[in-house]
Protein chains: 2
Amino acid sequence: MFVYLIVNMMKSREFKDVMYDGLSRLLKALANPQRLEIIEMLSQEEKSVEGIVQSTGISVANASQHLQILKSVNIVRSRKQGHYVYYSLANNEFLAMYHHIVKYAINEIAELERTLSRQREDCKALQAVSLEELEELVKNENVLLMDVRPVSEFQSGHIGGAVSIPLDELISRLKDLPGNKEIIAYCRGPFCVLADEAVKTLSEKGYKVRRLDFGYPEWKTRLMESKAV
Amino acid sequence: MFVYLIVNMMKSREFKDVMYDGLSRLLKALANPQRLEIIEMLSQEEKSVEGIVQSTGISVANASQHLQILKSVNIVRSRKQGHYVYYSLANNEFLAMYHHIVKYAINEIAELERTLSRQREDCKALQAVSLEELEELVKNENVLLMDVRPVSEFQSGHIGGAVSIPLDELISRLKDLPGNKEIIAYCRGPFCVLADEAVKTLSEKGYKVRRLDFGYPEWKTRLMESKAV
DNA sequence: CTATTATTCAACTGACTTATTGAATATAAA
DNA sequence: TTTATATTCAATAAGTCAGTTGAATAATAG
């Protein structure tokens with residue numbers, strides 16, 4: 001009986017070790033600023049290593065290594081085509097989980113809350129629009145929903161009803177904007193500043209403009225979850 | 001104009017760095033098997049360093065260090081009383097976020113899925129009861145919901161309607177169990193084996209018994225979320 | 001087949017993490 | 001005040017991680 005208890009205890013320890021080690025391996029893969037930025041890029045669209053390097057400033061070999069780590073815990077997957085290896089997020093469940101983490105961090109970590117507010121304040125974008133508000137606003141139809149990400153990201157997926165006006169074309173396309181509607185800008189997510197820049201530019205020109213609190217990936221996650229129910 | 005763009009780019013870089021560094025600091029604090037186990041213990045009840053040491057087998061100095069790390073990112077808080085320093089989770093939002101991570105890991109990481117199934121199979125506890133099923137079962141009243149954690153954990157919080165039968169008293173209290181009802185055992189959470197052991201013991205004695213898929217903390221989180229809506 | 005380009009691999013350095021030890025601090029009981 | 005106990009701090013050694021370099025591989029265009 002005594003020996004039996006010890007054997008049980010050892011099995012239980014072994015089980016816990018496998019589970020906690022596995023979980024901590026996942027978290028370790030996430031726990032790096034550059035990899036988080038890579039995840040943000042990949043949650044917009046599939047990208048080659050070169051594409052990631054261009055939009056983040058990480059070195060090629062380094063980016064490749066980070067991608068291997070993310071691949072080893074099944075966060076990203078790759079496919080080869082021609083000269084390029086294209087990476088993308090391996091599943092939508094990951095994205096949903098990741099958004100929960102980001103939401104917690106933004107709301108509960110004082111430093112991040114403060115930094116985010118300061119950034120938005122600088123751009124006069126403090127009253128950001130939440131997911132719930134957006135749904136209301138879209139119904140009443142008196143708003144223009146503006147996607148300010150690069151065109152390729154818009155093409156690979158965007159919020160329903162949005163118009164693509166990449167930030168770097170904004171000034172040259174001012175004439176396309178209706179003066180009477182409120183403008184709502186959005187971009188890659190809460191850590192992306194493209195929408196902030198757009199709000200700053202437009203509000204200086206006298207437009208009535210706000211940004212979304214979130215980006216395309218969060219909207220997509222929400223869509224999936226509501227379909228699942 | 002050109003200088004202005006560069007200044008903007010630098011600001012944006014700085015903002016991203018603060019946000020991603022902060023987020024990765026949180027994830028780094030989580031990314032360690034021992035700290036995850038400490039979190040599991042603290043999500044049951046407030047515990048002193050000594051209490052944690054006893055239930056995990058970590059050394060005293062080491063546990064203290066891990067607790068400092070968790071405290072530095074505001075996951076736990078401490079209060080001093082008499083000889084002891086008592087630690088507890090700092091907020092419920094963290095627990096909700098953590099449960100999302102665990103759920104993802106169990107469902108999407110093949111190795112963890114496999115290990116969990118094997119453990120449950122060993123204990124004839126494969127058909128675990130989910131949160132939704134539990135709600136149904138409790139209504140029909142023909143089940144006994146059994147909390148097999150130590151008494152102190154039961155006292156500091158338990159699932160509504162549960163009866164406390166700590167695993168180590170199970171055999172001596174068999175006479176208290178109704179023979180006609182189905183028994184549903186639960187414990188600390190999906191990584192805890194107390195309920196598995198209980199299922200094994202009882203099913204060998206001929207009882208009709210299953211375990212919950214989750215533990216008290218998950219139930220508590222669910223309760224909070226449904227109240228919030 | 002050769003040259004070109006994109007990516008990965010291997011090796012190395014410096015920086016952080018973890019676990020262990022023993023000393024220091026703080027509380028409460030004798 | 002002294003003593004015992006719980007916890008933290010400081011220093012160390014071993015292990016892991018991040019970023020850089022240059023070489024190796026793999027796909028394509030000429």
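Chain identifiers are assigned alphabetically (A, B, ...) following the order of the sequence lines, protein sequences preceding nucleic acid strands; residue numbering begins at 1 within each chain. It should be emphasised that the depicted structure is a prediction, and the values quoted were computed from it without experimental measurement. Values below: every heavy atom of this structure, side chains too, minus hydrogens, waters and symmetry copies.
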(request) Drop me the distance from B/Asp122's CG to A/Lys11's NZ, to the nearest 0.5 angstrom. (result) 5.0 Å

(request) Would you kindly give the CD-to-C1' distance between B/Glu50 and D/dA4, to the nearest whole Å? (result) 13 Å

(message) Without decimals, in angstroms, what is the distance between B/His83 NE2 and C/dA28 C1'?
(response) 5 Å

(message) Counting only side-chain nitrogens and oxygens, does B/His66 get under 4.0 Å of the OP1 or OP2 atom of C/dA19?
(response) yes

(message) Applying the side-chain hydrogen bond (donor to acceptor under 3.5 Å, both in side chains) criterion to A/Arg188, which one of A/Glu153, A/Gln44, A/Glu218 satisfies it?
(response) A/Glu153

(message) For A/Ala61 and A/Gly82, find the nucleotide of DNA chain D closest to each by heavy atoms; which residue's nucleotide sits nearer the 5' end?
(response) A/Ala61

(request) Report yes if some heavy atom in the side chain of B/Glu111 is under 4.5 Å from a heavy atom in the side chain of A/Val18; otherwise report no. (result) yes

(request) Measure from OH on B/Tyr84 to P on D/dA4 and round the result to the nearest Å. (result) 16 Å

(request) Give the rounded distance in Å between these two atoms: CD of B/Gln68 and P of C/dT25. (result) 16 Å

(message) Could you report the tightest heavy-atom contact between B/Ser78 and B/Tyr87, atom names first, then the distance?
(response) CB-CE2, 3.5 Å

(request) To the nearest Å, give me how far apart CZ (A/Arg79) and P (C/dT7) are. (result) 12 Å

(message) From the set D/dA27, D/dT7, D/dA11, return the single nucleotide nearest to any side-chain atom of B/Val49.
(response) D/dT7

(request) With the side chain of B/Ser48 defined as its heavy atoms from C-beta on, choose the nearest nucleotide among D/dT7, C/dT7, C/dA19. (result) D/dT7

(message) Looking at A/Asp21 and A/Arg25, is any side-chain nitrogen of the basic one under 4.0 Å from a carboxylate oxygen of the acidic one?
(response) no

(request) Send over the distance from B/Asn62 CG to D/dT8 C1', rounded to a whole Å. (result) 13 Å

(message) Using OP1 and OP2 only, check whether a side-chain N or O of A/Tyr87 sits under 4.0 Å from C/dA6.
(response) no

(message) If you only use heavy atoms from C-beta on, which nucleotide in D/dT8, D/dA10, C/dT8 is closest to the side chain of B/Gln65?
(response) D/dA10

(message) Treating B/Tyr186 as the side-chain partner and B/Ile159 as the backbone partner, does any N or O pair qualify as donor plus acceptor under 3.5 Å?
(response) yes

(message) Tell me the interatomic distance from B/Ile69, atom CD1, to C/dT18, atom C1', rounded to whole angstroms.
(response) 9 Å

(request) Compare the minimum distances between each of D/dT7, D/dA26, C/dA26 and the side chain of A/Lys80, then state the nucleotide with the smallest one. (result) D/dA26

(request) In whole angstrom, give the distance that lies between atom CD1 of B/Ile58 and atom P of D/dT8. (result) 14 Å

(message) Below 4.0 angstrom, which residues in residues 21-35 of chain B have at least one non-hydrogen atom near DNA chain C?
(response) B/Lys28, B/Asn32, B/Gln34, B/Arg35

(request) Have a look at A/Tyr20 and tell me which of B/Glu40, B/Arg35, B/Glu37 forms a side-chain hydrogen bond (donor to acceptor under 3.5 Å, both in side chains) with it. (result) B/Glu40

